[in-house]
Protein chains: 2
Amino acid sequence: MDSSELKRAGLKATLPRLKILEFLETSKVRHMSAEDVYKALLESGEEVGLATVYRVLTQFEAAGLVVRHHFEGGQSVFELEQGKHHDHILCVRCGRVDEFVDETIEERQKKIAKEKGYAMTDHSLYIYGVCGDCQKNG
Amino acid sequence: MDSSELKRAGLKATLPRLKILEFLETSKVRHMSAEDVYKALLESGEEVGLATVYRVLTQFEAAGLVVRHHFEGGQSVFELEQGKHHDHILCVRCGRVDEFVDETIEERQKKIAKEKGYAMTDHSLYIYGVCGDCQKNG
DNA sequence: AATAAGAATGAGAACTCTTCTCATTTTCGT
DNA sequence: ACGAAAATGAGAAGAGTTCTCATTCTTATT
Ligand SMILES: [Mn+2]
Ligand SMILES: [Mn+2]
Ligand SMILES: [Zn+2]
Ligand SMILES: [Zn+2]
């Protein structure tokens with residue numbers, strides 16, 4: 001276990017934080033709810049409290065290690081920060097999540113904010129639809 | 001009170017539904033949570049249950065009379081359907097909401113969905129920032 | 001390596017938003 | 001006006017998340 005990332009983020013290297021970070025880094029699934037992380041850790045025999053998972057993910061977000069999304073469905077979804085901003089397209093049938101970047105959209109958003117007199121701080125764009133697999137099998 | 005809109009939507013013209021619809025149509029604020037609607041009706045002396053407000057707004061949404069948004073902050077926000085799709089830019093300081101339409105963004109989204117193999121059903125785009133007033137006074 | 005001060009954890013309570021349950025009331029076609 | 005079917009409202013319940021606080025862990029210092 002590598003505690004340097006946590007140290008760098010100004011967080012003490014506690015076991016729960018290390019476990020959660022390691023899990024996020026090694027999981028094949030990129031986008032996960034707090035509950036997902038909690039259950040996965042339990043199943044792999046780790047002892048962590050759900051409250052701690054929520055707390056740690058929120059701290060990771062504040063430290064810029066993780067990004068939080070508000071997909072439809074009520075739960076917050078987290079993913080490891082990758083340095084590069086991107087948006088999401090989600091399957092309403094199977095929950096699949098794909099990522100994309102579109103510079104034209106990014107530029108247009110800035111333009112709209114300026115026109116409306118806003119100092120833009122952030123934006124969120126979700127496209128919903130039925131993925132290729134679900135179109136075939138559905 | 002005009003019950004024709006409700007009838008047209010296939011809903012019985014009950015008092016709560018009429019009151020809620022009338023309120024949505026006459027309110028100066030376009031974007032409101034269920035709680036907002038509930039409180040406003042109480043203050044104007046109407047007797048409605050909160051459960052009914054939630055139920056009715058959900059029915060209005062299903063009937064296409066109303067659109068539901070998921071702004072940050074946890075609550076669903078509703079607005080009367082205007083026929084024309086639009087997106088939103090919100091002030092993170094004062095909660096102000098402005099609307100916009102950008103055909104370029106709309107087109108790009110369709111293109112992205114197609115490229116990714118999705119049959120697009122919907123999308124949501126929120127731009128966050130600090131509005132003009134809040135930049136001056138904040 | 002032992003110590004001690006402060007920080008973090010975990011169990012469960014609590015909170016917010018929303019939906020459900022079900023007894024009572026209302027609507028509307030006859 | 002009558003009665004079947006639908007809608008309402010109060011409160012319970014549910015989902016997701018945060019809070020509380022006694023206990024445990026981390027880390028800087030001896
Ligand atoms: Mn992503
Ligand atoms: Mn709007
Ligand atoms: Zn799918
Ligand atoms: Zn503002």
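In what follows, chains are A, B, ... by sequence order, proteins preceding strands, each numbered from 1.
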Produce a footprint string for nucleotides 14-26 of chain C: one letter per nucleotide, 5' end first; B if the base is under 4.0 Å from any protein heavy atom, S if only the sugar-phosphate is, - if neither. ---SBBBB-----
All salt bridge (charged side-chain N to carboxylate O under 4.0 Å, His left out) counterparts of B/E46, not counting sequence neighbours: B/K19
All pairs passing salt bridge (charged side-chain N to carboxylate O under 4.0 Å, His left out) where residues 83-97 of chain B contributes a residue, at least two apart: B/R96-B/D98
List the residues meeting side-chain contact (heavy atoms from CB on, under 4.5 Å) with A/L42, not counting sequence neighbours, and say none if there are none. A/Y38
Partners meeting ring-ring contact (aromatic ring centres under 6.0 Å, His included) with A/H70 (sequence neighbours left out): none
Output a table of nitrogen or oxygen pairs between the protein and nucleotides 4-6 of chain D separated by less than 3.5 Å.
residue, atom, partner, partner atom, Å
D/dA6, O4', B/K12, NZ, 3.2

Identify each donor-acceptor pair in which a side-chain atom of residues 127-138 of chain A lies under 3.5 Å from a protein atom, sequence neighbours left out, and give them as a table.
residue, atom, partner, partner atom, Å
A/Y128, OH, A/E72, N, 3.4
A/Q135, NE2, A/V130, O, 2.9
A/Q135, NE2, B/G117, O, 2.8
A/N137, ND2, A/D133, O, 3.2

By ring-ring contact (aromatic ring centres under 6.0 Å, His included) - contacts of B/F71 (at least two apart): B/H69, B/H88, B/Y126
Partners of B/R108 by salt bridge (charged side-chain N to carboxylate O under 4.0 Å, His left out), sequence neighbours excluded? A/D102
Taking five pairs at each end of the helix from C/dA1-D/dT30 to C/dT30-D/dA1, what angle separates the two helix axes (nearest 10°)? 30°
For B/E115, enumerate each residue passing the salt bridge (charged side-chain N to carboxylate O under 4.0 Å, His left out) test, keeping only those at least two apart in sequence or located in another chain. B/K111
Distance-only donor-acceptor pairs under 3.5 Å for side chains of residues 49-59 of chain B, two or more places apart:
residue, atom, partner, partner atom, Å
B/T52, OG1, B/R55, NH2, 3.2
B/T58, OG1, B/Y54, O, 2.9
B/T58, OG1, B/R68, NH2, 3.2
B/Q59, OE1, B/R17, NH1, 3.0

